[in-house]
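Everything below concerns the one structure shown next.
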Amino acid sequence: MSWSDDVTGSTQSATRVVPYVPPHLRNSVVNNGAHSFDNGNSYGSYSTESTQHGFRSNRPGSAGSSRSSRGRGGRRGQWRGRGRKSLGSSRSLSQEIFEVCEKFDDLEVSEEDGNGGGGGGGGGINFDAYEDIPVEANGTDIPTAANTFVEICLGERLSENIKRCKYVRPTPIQRHAIPIAVAGRDLMACAQTGSGKTAAFCFPIISGIIKSRSPRFGGQTTGVCFPSALILTPTRELASQIHDEAKKFAYQTGVKIVVAYGGASISHQFRNLEKGVDILVATPGRLVDMIERGRISLRLIKYLTLDEADRMLDMGFEPQIRKIVERMDMPKPGVRQTMLFSATFPSEIQRLASDFLSNYVFLAVGRVGSSTDLIAQKVDYVEDMDKRHYLMHILHDQKVNGTCGKHALTLVFVETKKRADALEYWLSVNGFPAIAIHGDKVQMERERALKSFKSGATPIMVATDVASRGLDIPNVAHVINFDLPRDIDDYVHRIGRTGRAGKSGIATAFFSEKNLPLAKVLVELMNESNQEIPDWLHQYAETSISSSGGQRHGSSKFAAYDYRSTTSGNENYYYSSSYGGADSFDPNVASPCDVSGAAPSSSQHHLSPNAEPYAAGQYAYGGGYETVVATGWD
DNA sequence: AAAAAAC
């Protein structure tokens with residue numbers, strides 16, 4: 001993942017002819033930005049944009065108003081970074097990092113920033129914005145946040161790599177989390193992927209390993225590996241992405257990072273392990289397999305990180321995670337250092353997670369005006385049978401009007417693997433190059449799909465929730481929830497694939513009768529991110545039973561607050577100095593591909609549930625896809 | 001109820 005989707009996205013699309021760039025060397029640019037959470041106290045969410053962009057208020061006019069109470073949980077913050085970095089003169093580096101950075105340098109100039117910073121080119125990040133980010137830190141003896149990487153003393157080699165990657169100054173999550181982690185404290189952190197989160201846990205781990213390095217385990221004699229750090233992720237692709245990122249940070253430090261996940265050659269992974277491993281990035285199943293085969297021991301684990309921690313502890317994953325963390329040979333909490341990261345963190349999941357922690361610091365870092373206000377969220381009532389044609393209609397508009405730009409990617413989420421395949425086929429046959437990704441594909445197909453999508457070769461990807469979390473896919477301009485998820489958290493993660501790194505994006509949801517239980521929480525979410533809500537959805541929200549709200553304190557699941565605070569004090573708040581007047585929202589940052597505003601179809605977008613929402617065959621698409629292809633795929 | 005995650 002990287003900070004600057006927009007920059008890197010441009011890279012890939014603009015330079016598709018350039019030689020292959022290894023994944024771990026892509027995206028190595030700085031972004032800057034923040035996301036937000038409600039503070040959980042009486043201040044409504046607020047935000048400040050960098051000064052060159054003026055202030056942005058999530059809720060114009062709402063600064064200081066009490067919008068949410070602690071009890072109902074904060075709003076989720078969607079990270080929005082600003083893809084600006086300063087371009088230092090290139091140092092003479094022999095490796096690929098150098099070339100990649102060079103490419104980024106070029107891009108920097110050509111980058112079109114939809115939000116048009118007044119600063120113009122060469123700018124560099126405006127870190128003033130960081131002074132105004134709402135941060136909640138909760139716990140005892142919380143280490144002070146750092147303003148620079150230098151003052152954190154991460155070590156010479158790592159610092160050099162950080163510079164090479166053009167990370168000029170830490171992002172908010174890094175400012176707060178890194179000192180906490182370096183101090184050896186356990187941490188539960190709420191921060192959106194794309195916010196520099198990977199770096200936030202990688203830097204302290206790499207630094208710590210270098211500092212405590214002993215030649216003791218230099219040679220593996222027994223064939224058993226003893227990693228000192230373990231990073232667990234919920235999907236293979238995310239493991240791979242973190243591995244790539246971490247390798248970049250550990251360049252020439254001697255810190256060895258190995259990735260292990262299913263669906264790929266285990267013997268190959270074993271061979272990598274045999275070369276030595278300090279940091280193991282893994283998915284749960286493969287890790288358990290390797291442990292049970294006696295090839296990995298967790299006995300010497302000093303750092304344990306769970307990425308997307310809320311997912312890792314949800315119903316499907318919890319038993320496996322508990323097995324790894326509590327019933328293998330992992331050192332106990334307090335002996336090892338444990339860090340949990342996630343964007344959404346329901347309080348009951350926090351409660352489970354706290355079993356793994358010892359005297360931890362809870363951290364919610366964010367900026368109001370989070371990406372959800374850069375993501376234009378739209379909900380259309382579309383019955384299942386009309387969805388395909390409605391999708392075609394939208395895609396056709398995008399194509400004809402170029403509303404999303406030349407290299408824009410569209411990510412379409414569906415409910416099941418079968419539907420993913422079916423829709424992929426349907427789209428392909430009807431003139432829209434699409435590729436599907438889901439867990440029934442063999443790993444190589446999954447990787448190929450992702451690569452094809454990222455590169456723009458297949459600008460439409462149909463996905464299940466395998467792609468909803470953590471993946472940093474540059475240039476996704478439009479996320480379409482062809483089928484809405486049942487869980488509002490999944491919705492948040494899905495739409496978070498766009499609107500990243502300062503680029504605006506749009507998210508369109510097809511709401512059908514089946515989604516009634518989601519109405520209430522969806523309306524709340526959209527309200528909080530200042531979105532326009534169609535009347536019919538309002539009505540549904542009022543009449544429907546709140547589904548997932550029932551299990552929470554309130555109706556929000558996002559709990560960007562420490563669940564401990566409901567029973568204890570110990571809170572430390574850091575507030576901005578200027579939230580009060582932050583209200584010059586710039587309407588011009590609207591999405592360059594704002595379908596709702598620009599597309600001829602906008603009249604279709606607020607249909608009454610009872611109205612004829614969409615009539616197939618009513619539009620001349622041109623692509624020849626009027627021909628409905630009935631296949632065995634359905 | 002689906003998806004993900006080992007062989």
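Proteins get letters first, then strands, A, B, ... in listed order; numbering begins at 1 in each.
Per the geometry, NZ belonging to K514(A) stands 10 Å off C1' belonging to dA1(B), to the nearest Å. Rounded to whole angstrom, the span from the CG atom of D483(A) across to the C1' atom of dA1(B) amounts to 12 Å. We find that CG of D465(A) is positioned 17 Å from P of dA1(B), with the value rounded to whole Å. The distance between atom CD of E237(A) and atom C1' of dA5(B), rounded to the nearest whole Å, is 11 Å. Rounding to whole angstrom units, CZ of residue R494(A) and P of dA2(B) are separated by 14 Å. Between L313(A) atom CG and dA3(B) atom P the separation is 22 Å, expressed in whole Å. For I437(A) and dA4(B), the CD1 to P distance is 9 Å, given to the nearest whole Å. Rounded to an integer number of Å, the gap from F413(A) CZ to dA1(B) P is 23 Å.
Using a 4.0 Å heavy-atom distance criterion, G262(A) is classed as a sugar-phosphate-only contact. V288(A) comes within contact range of no nucleotide atom at all, as no heavy-atom separation falls under 4.0 Å.
The side chain of F317(A) approaches dA5(B) more closely than any other nucleotide in the set dA3(B), dA5(B), dA6(B). Closest approach to the H438(A) side chain among dA3(B), dA6(B), dA4(B) is made by dA4(B) (side chain taken as heavy atoms from C-beta onward). The R486(A) side chain lies nearest to dA1(B) when the options are dA1(B), dA6(B), dA4(B). The side chain of E415(A) lies closest to dA2(B), out of dA4(B), dA5(B), dA2(B).
For residues 326-341 of chain A, the set of pairs meeting the salt bridge (charged side-chain N to carboxylate O under 4.0 Å, His left out) definition, not counting sequence neighbours, comprises R322(A)-E326(A). Pairs engaging residues 296-342 of chain A under the ring-ring contact (aromatic ring centres under 6.0 Å, His included) rule: F201(A)-F341(A) [sequence neighbours left out].
In terms of heavy atoms, D310(A) sits closest to R469(A) at OD1-NH1, 2.9 Å.
M461(A) places none of its side-chain heavy atoms less than 4.5 Å from the side chain of L409(A).
A ring-centre distance under 6.0 Å is found for Y390(A) and F510(A).
Under 4.0 angstrom from either OP1 or OP2 of dA5(B) there lies at least one side-chain N or O belonging to R236(A). Remark: R446(A) is in phosphate contact with dA5(B), judged by side-chain N or O atoms under 4.0 Å from OP1 or OP2. Phosphate contact (OP1/OP2 of dA4(B), side-chain N/O of T464(A), threshold under 4.0 Å): present.
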